[in-house]
Amino acid sequence: MKIATFNINGVKARIEGLTHWLQDSAPDVALLQEIKSVDDGFPRQIIEDLGYNVATHGQKGFNGVAILSKLPLEDVTRGLPGDDADEQARWIEATVVGDTAVRICCLYLPNGNPAPGPKFDYKLAWMDRLHARAVALLAEEMPALMAGDYNIIPQAEDAARPDAWREDALFRPDSRAAFRRIMNLGFTEAFRSRTAGPGHYSFWDYQAGAWDKNDGIRIDHMLLTPQCADLLRDCSIQKEVRGREKPSDHVPVWVDLAA
DNA sequence: ATGACGGTCCGAGACCGA
């Protein structure tokens, strides 16, 4: 089962590139972030016509997540538990049954800038809720993953210019510690379990020629429960997508599971 | 040092992102 996470940066603006990508790369499951669309505005029919089931959790203008799957989506739930007053659409999960059932969580973690400030507080509070969901997910003892745009640069080697990010919410010590606290519950970060060293990024800013200079950061991650890590065959970043026509500023990150 | 880029809301320019 090939699963990709992809911050699409506006599904309506990106629909042509998205459909090309679905056809040429053919993920079994695609997790999308920043669809920037309400559920009714999502180009559902176009994607269903390509053979995908679609589950969305959208909102007007910003944020929004979706799961596309060639296999049926079961037990879909929307919203990260822990704050009923939180109206931001950043979390959706579903079960996909291939050779074995996999619980798949698609997340768009808050950016948190400027830091410090209320947006940074929201990011850290959201990560506390993510930690709680992660604990519950591990207790299920089933293959599961939490994947998406974490808006976290885990280590200095995950940025071309780490010093430029020292004060940024993506790289501040509090952010990285919150990420480690979740990792340390027992998750496997798929990419780093397979590939060491610097120079591997999943985001390049549109500005200042970041792509041309390979001035990127690695902020899109896939965290696997132990039962899921046992199924891991491969993990890769599909860098070339950033060079396509009218690209998102993020690229897809993939896992191949024996599932 | 600043702005650069891009999407969404709309129907100009603010807001958000990273």
Side-chain angles (χ1 to χ4, degrees), chain A residues 5-19 21 31-44 46 56-66 86-91 106-124 126-127 130 147-176 178-179 199-221 237 239 241-253:
Chain A
T5 178
F6 191 3
N7 180 320
I8 198 71
N9 188 20
V11 70
K12 286 171 283 191
R14 218 70 67 195
I15 186 61
E16 195 169 347
L18 175 61
T19 53
W21 173 73
L31 313 180
L32 304 181
Q33 302 88 36
E34 281 206 90
I35 62 174
K36 298 186 179 180
S37 168
V38 294
D39 294 334
D40 284 345
F42 192 90
R44 167 182 293 272
I46 294 172
T56 62
H57 182 39
Q59 72 177 86
K60 189 175 178 180
F62 306 107
N63 305 323
V65 287
D86 184 0
E87 295 183 352
Q88 298 194 31
R90 298 179 174 275
W91 181 272
C106 171
L107 67 98
Y108 176 46
L109 206 146
N111 173 303
N113 281 303
K119 291 189 175 182
F120 191 60
D121 295 341
Y122 174 68
K123 177 177 194 154
L124 294 181
W126 202 94
M127 293 186 81
L130 177 59
D149 179 358
Y150 276 76
N151 271 316
I152 295 284
I153 302 167
Q155 302 288 345
E157 66 182 1
D158 297 312
R161 296 181 301 118
D163 287 342
W165 296 93
R166 296 284 174 199
E167 304 299 321
D168 194 281
L170 278 63
F171 194 50
R172 291 176 74 92
D174 283 356
S175 306
R176 298 166 60 200
F179 182 73
H200 303 284
Y201 311 124
S202 65
F203 168 91
W204 296 260
D205 201 294
Y206 290 117
Q207 304 178 59
W211 167 245
D212 293 327
K213 293 186 283 192
N214 196 25
D215 179 9
I217 51 178
R218 196 176 67 88
I219 56 175
D220 298 271
H221 310 301
I237 299 175
K239 183 177 182 178
V241 171
R242 185 63 176 78
R244 294 186 181 184
E245 188 92 6
K246 205 168 185 283
S248 170
D249 38 9
H250 297 249
V251 297
V253 180

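Each chain gets a letter, A, B and so on, in the order its sequence line appears, and its residues count up from 1.
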Sugar-phosphate, base or nothing in reach of [X], heavy atoms under 4.0 Å:
X: A:D149; answer: sugar-phosphate
X: A:N7; answer: sugar-phosphate
X: A:R90; answer: sugar-phosphate
X: A:N151; answer: sugar-phosphate
X: A:F171; answer: nothing

>> Over 60° means perpendicular and under 30° means parallel, so tell me whether A:F179 and A:H221 are parallel, tilted or perpendicular.
In response: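 A:F179 and A:H221: tilted rings.
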Please give, in whole Å, the distance from [N] [atom2] to [X] [atom1]?
X: A:W165; N: B:dG17; atom1: CH2; atom2: C1'; result: 10 Å
X: A:N63; N: B:dG17; atom1: CG; atom2: P; result: 7 Å
X: A:Y201; N: B:dA18; atom1: OH; atom2: P; result: 18 Å
X: A:W211; N: B:dA18; atom1: CH2; atom2: P; result: 18 Å
X: A:R172; N: B:dA18; atom1: CZ; atom2: P; result: 17 Å

Can you list everything that forms a side chain to side chain contact (heavy atoms under 4.5 Å, CB included) with [X]? Sequence neighbours excluded, please.
X: A:D215; result: A:A160, A:R161, A:A210, A:K213
X: A:I15; result: A:L18, A:T19, A:P43, A:I46, A:I47
X: A:P116; result: A:R172

>> Taking salt bridge (Lys or Arg N to Asp or Glu O under 4.0 Å) as the definition, give me every residue that meets it alongside A:R166, ordered by chain and number, with sequence neighbours left out.
In response: A:D163
>> Checking A:N63 now: which residues fulfil side-chain hydrogen bond (donor to acceptor under 3.5 Å, both in side chains) with it, not counting sequence neighbours?
In response: A:Q59, A:Q88, A:R90
In whole angstrom, give me the gap between the [atom1] atoms of [N] and [M].
N: B:dC16; M: B:dA1; atom1: C1'; answer: 23 Å
N: B:dC10; M: B:dC15; atom1: C1'; answer: 13 Å
N: B:dA12; M: B:dT2; atom1: P; answer: 30 Å

> Within less than 4.0 Å of OP1 or OP2 of B:dG17, is there a side-chain N or O belonging to A:N111?
Replying inline: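 No.
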> Are any of A:Y108's side-chain N or O atoms less than 4.0 Å away from OP1 or OP2 of B:dA18?
Replying inline: yes
>> Before you tell me yes or no, could you show the steps for A:Y108 and A:N151 under side-chain contact (heavy atoms from CB on, under 4.5 Å), namely the whole-Å CA-CA distance, both residues' side-chain angles and the distance that decides it to 0.1 Å?
In response: CA-CA 8 Å; A:Y108 176 46; A:N151 271 316; 3.8 Å; yes
> How does protein reach along nucleotides 4-10 of chain B, written 5' to 3' as B (base within reach of a heavy atom under 4.0 Å), S (only sugar-phosphate), or - (no contact)?
Replying inline: BBSBSSS
